[in-house]
Every structure is written in C-alpha cells, then in structure tokens.
Amino acid sequence: MATWDATSVIIAKRDHGELPDEAIQWFIAAYTDGTVSDEQAAALAMAVFLNGLTGHELAVWTQAMIDSGDRIDHSQLDRITVDKHSTGGVGDKVSLILCPLIAACSPLVAVPQLAGRGLAHTGGTIDKMESIPGWKAEMSGAEMTAALLDVGAVIASATGDIAPADKKLYALRDVTGTVPSIPLIASSIMSKKIASGTANLVLDVKVGRGAFMTNIDDARELARAMVDIGNRAGVNTAALLTRMDQPLGSMVGNTLEVDESVAILRGAPFDSRSSDLIEVIVALAEEMLHMAGVDANPREVLESGAAHETWRAMVRAQGGDPDGAMPRSDHEHLFRSPATGFLADLDALSVGLASMRLGAGRSKQGEAVSAGAGIEILVKPGSAVTEGQPIQRLLADDPAKFPAALELLEKAVTIADTAAEIPSPVIERIR
C-alpha cells in the first residue's frame with residue numbers, strides 16, 4: 001500500500017482528482033483513530049462537498065466507514081432479513097407499524113431495525129418507542145438474535161461500535177457547513193445500514209418542505225446514490241420517494257405517535273386522517289416483501305389486526321409493557337380555523353417546528369424531550385372547515401410554550417375557497 005498523508009489526499013480532491021481506494025481507506029481509518037486531525041478532515045469534507053465523489057469513490061468511502069467498526073452478523077437466523085430506513089419527516093411513525101407488520105406477514109422474514117433519535121423538526125423512532133414504560137433501546141447481539149427468532153422484528157439503537165467513523169465525521173460536518181452533501185449524506189446513512197447486517201434494504205427518501213431534501217431532483221439523486229452503494233456492497237437495495245410537504249398521519253409527538261400507530265395496528269376500520277400514512281406503509285411493505293420473495297398482501301394483514309399481537313410481542317421482548325400508561329402532557333390548547341373554506345395546505349416544516357417548541361423535539365443532540373407534548377391534527381388538507389372550528393390540538397407540559405408554537409401554526413395553515421387536490425404520498429420507486 002502506498003504511503004499517504006492527509007494534505008496530499010485533501011489536495012487531490014480539492015483539484016478535482018479521483019482518489020485511489022487506498023487513499024480513502026487510509027484517510028477514514030486515520031481520522032477514526034485520531035491520526036488525522038479535525039481540521040484536515042474538515043478540509044476534505046469541504047472538498048467533497050464542492051467537487052463530489054464518483055460512484056466508485058463513494059462505494060469505497062462507505063465501505064471504509066463500515067470497516068471502522070463492527071458489522072452485525074445475522075447468519076444464525078433462519079429468516080430472510082429486510083430493513084427500512086427513512087430520511088426523516090414530520091409525523092413519520094412508519095417504522096412503529098411497518099416492523100411488526102412485515103413480521104406478521106411471514107415467519108420467513110425478520111426486521112432488524114437500528115433507529116435513532118430525533119433532531120430539530122424531525123422525530124426519532126427511539127424517542128417514540130421510549131414513551132412505552134420499561135422499553136429499552138439497547139440490545140446485545142444475543143438479545144437481538146433471540147428477539148428476531150422469537151418475534152421477527154426489533155427496533156433498537158445503534159451501538160457506538162457501528163460505523164464510528166460516521167459518528168465522528170457527522171459531528172464535524174454539522175459545524176463546518178458540509179451536512180447538505182449528497183455523497184456524504186449517502187455514505188453516512190448507508191454505512192450504518194449496511195453494518196447493521198441486513199440482506200435487503202428499502203429506503204424511504206422523503207422530499208418536500210418538511211424533509212431534509214426539499215427538491216425532488218436532489219432527493220432522486222440521493223436515492224439513486226444510496227441504492228447504488230447498497231447494491232455494490234451486496235445488500236439488495238431499493239428506494240421509494242415519498243412526499244413530506246404535509247405531516248404524515250394525524251399525530252406529531254412521541255406518545256401521540258405511538259397512540260396512532262397502535263390504533264392502526266389494531267386493524268380496520270382506520271381513521272381517515274391516517275390514510276396517507278397507511279399508503280406509505282403499504283407501499284414500503286410491498287417492496288420489502290417483494291425483496292424477501294414473500295407472497296403476502298400487507299394491506300390485508302394490516303386490516304386484520306394480526307400485526308397488533310406482533311407489536312405487543314416486540315415491545316415485551318425489549319422490556320416494555322404494551323398496556324402500560326404512557327407519559328401525557330397536562331395542558332391542552334385548541335388551534336382554530338381562521339376562516340371558512342377548505343384546508344388547502346398544512347406546512348409540515350412549520351408543524352414540526354411547532355411541535356419542537358412544545359417540547360416534543362430537541363434543538364441539539366442529547367437534549368431531553370417531553371414524551372407527552374405534540375400536536376394532534378384534527379383536520380387534514382382537502383377537508384372543509386368553518387371559521388373557529390378546532391383544526392389542531394396542542395399538548396405541552398408547560399402552557400407558556402403555546403404562544404411560540406401558535407405563531408408557527410398560524411403561518412402553516414392555508415384556507416382556500418375551493419378544495420385542493422391532494423396527491424398520493426408515494427411518488428416513485430427506484431430499484
């Protein structure tokens with residue numbers, strides 16, 4: 001192997017060069033162990049931000065990040081592993097429903113999902129699950145294997161041994177203006193997902209005002225980059241582009257989103273406010289089952305309520321009490337329609353930020369969240385409303401938080417004279 005130094009690697013990418021495999025592998029390993037400084041890693045991240053990575057460079061970069069830590073081995077399982085990842089949105093409680101649903105569709109499939117916490121206006125799956133009394137996110141490899149063999153699905157937090165290079169590099173990107181780089185985003189997501197050991201992966205790439213990717217061309221580029229990385233690494237990977245202009249479902253907030261998830265898992269009839277959420281779940285489930293070679297109808301299974309028992313078993317397997325009392329916020333405020341007409345739009349970003357101001361989200365990593373805070377969406381876009389009609393229910397531990405949230409919600413709502421056509425939340429599939 002050639003001898004590399006950080007400055008040479010930085011200069012090569014700065015000058016639009018394609019980095020040799022060994023240079024990438026050395027730099028990622030050296031940054032992880034501290035040989036390369038933060039300043040040097042920041043310079044390379046900026047060079048990548050400005051000049052990009054080729055498909056081959058990106059695959060090598062991602063593999064180097066995977067190689068910086070452990071890779072989970074699911075070879076002991078007698079099931080086909082399939083996982084899902086979302087790029088994040090508002091009201092996105094898809095994983096809570098999708099994981100037990102896939103397990104309920106077939107005993108041949110296991111869903112080993114590693115999830116994270118929320119930041120800013122996007123909620124985190126782990127935060128939501130921790131609303132359940134006794135439930136724990138941390139699982140050893142043996143515990144995860146036992147739960148997957150028994151139940152078929154787990155939702156757990158990633159350990160620090162999974163792609164530690166990503167954790168270190170992401171913290172650096174966050175303070176150097178290099179977060180919105182498609183190659184760096186793609187490698188960050190895929191290094192953790194590939195290291196989690198799944199054989200099949202479906203990506204839910206959100207696009208719209210409440211998503212990280214607000215432009216469909218950028219979202220499509222990100223989806224294709226991640227699909228390419230996964231397939232190059234031997235993980236059967238596909239993606240769905242889904243809309244995030246409006247909140248998904250009827251609840252935004254941790255306990256609230258568990259409430260909505262359990263209601264759906266209990267089976268039909270479903271609340272019409274959850275129809276967009278269910279459409280996304282079914283589309284993702286169809287893709288996951290297709291990858292696993294399983295012939296099942298996920299909508300029929302969801303309507304039957306069979307996935308509810310799997311949910312309860314999944315919660316119990318991680319120490320949780322599915323019948324336990326979850327945290328609730330004591331204070332409530334109704335936000336009313338400012339006019340008569342049709343609710344034409346409900347801006348997802350504003351709703352997500354309002355929920356954060358109520359205490360449901362965090363502005364920086366490590367900050368505590370209120371499990372009971374959040375927003376119930378009483379009326380979905382496309383519906384008729386009258387002036388003064390309650391259209392959202394706000395919940396908070398401290399009523400002093402309501403004014404700041406209401407300021408955002410007043411800007412989030414658009415009332416029109418005619419009903420707006422609400423497009424399908426599923427835009428396209430990328431395989």
*Measure across Ala195 and Ile162 and return the closest heavy-atom pair with its distance rounded to 0.1 Å.*
CB-CG2, 3.8 Å

*asked:* For the backbone of Gly352 and the side chain of Ser355, can you confirm whether one donor and one acceptor N or O come within less than 3.5 Å of each other?
replied: no

*Spell out, as yes or no, whether a donor-acceptor pair under 3.5 Å connects the side chain of Asn51 to the backbone of Lys13.*
yes

_Asp345 versus Arg209, closest heavy-atom pair with distance_ = OD2-NH1, 2.6 Å

*Check against salt bridge (charged side-chain N to carboxylate O under 4.0 Å, His left out), Asp38 and Lys168*: CA-CA 9 Å; Asp38 282 345; Lys168 194 171 181 181; 5.2 Å; no

*Using atom types as modelled and distance alone, determine if a side-chain donor or acceptor of Ser329 lies under 3.5 Å from a backbone N or O of His331.*
no

*Sub-3.5 Å donor-acceptor pair from the side chain of Ser337 to the main-chain atoms of Gln389, do we have one?*
no

_From Ile102 atom CD1 to Met288 atom CE, the distance as rounded to the nearest 0.5 Å_ = 4.5 Å

*In plain terms, say whether Asp204 and Lys84 are close enough for a salt bridge, that is, a side-chain N and a carboxylate O under 4.0 Å apart.*
no

*Check ion pair Glu260-Arg273 (N to O, under 4.0 angstrom)*: no

*For Lys192 and Ser188, indicate whether the former's side chain and the latter's backbone hold a donor-acceptor pair under 3.5 Å.*
yes

_For the student: nearest non-hydrogen atoms of Lys128 and Val258, plus distance_ = O-CG2, 3.2 Å

*asked:* For Val252 versus Pro247, what's the shortest heavy-atom pair and its separation?
replied: CG2-CB, 4.2 Å

*Taking Lys136 for its side chain and Ala156 for its backbone only, find out whether a donor-acceptor pair lies under 3.5 Å.*
no

*Determine yes or no for a side-chain-to-main-chain donor-acceptor pair under 3.5 angstrom, with Ser274 supplying the side chain and Leu277 the backbone.*
no

*Minimum heavy-atom separation for Glu138 to Glu143, with atom names?*
O-OE1, 4.2 Å

*Between Asp259 and Arg328, is there a salt bridge with N-O shorter than 4.0 Å?*
yes

*How close do Leu358 and Ala396 get, heavy atom to heavy atom, and via which atoms?*
O-CB, 3.9 Å

*asked:* For the CD atom on Glu332, are there more than 12 heavy atoms of other groups (residues, nucleotides or ligands in this structure) within a distance under 6.0 Å?
replied: yes

*Measure from the side-chain N and O atoms of Arg357 to the backbone N and O of Ala405, and report whether any donor-acceptor pair falls under 3.5 Å.*
no

_Exercise: do Thr178 and Thr176 side chains pair donor with acceptor under 3.5 Å_ = yes

*asked:* Quick one: does any side-chain atom of Ser196 pair with a main-chain N or O of Lys193 as donor and acceptor, under 3.5 Å?
replied: yes

*asked:* I'd like to know if the side chain of Ser350 and the backbone of Leu409 have a donor-acceptor N/O pair within less than 3.5 Å.
replied: no

*asked:* What's the separation between atom CE in Met226 and atom OG1 in Thr237, rounded to the nearest 0.5 Å?
replied: 9.5 Å

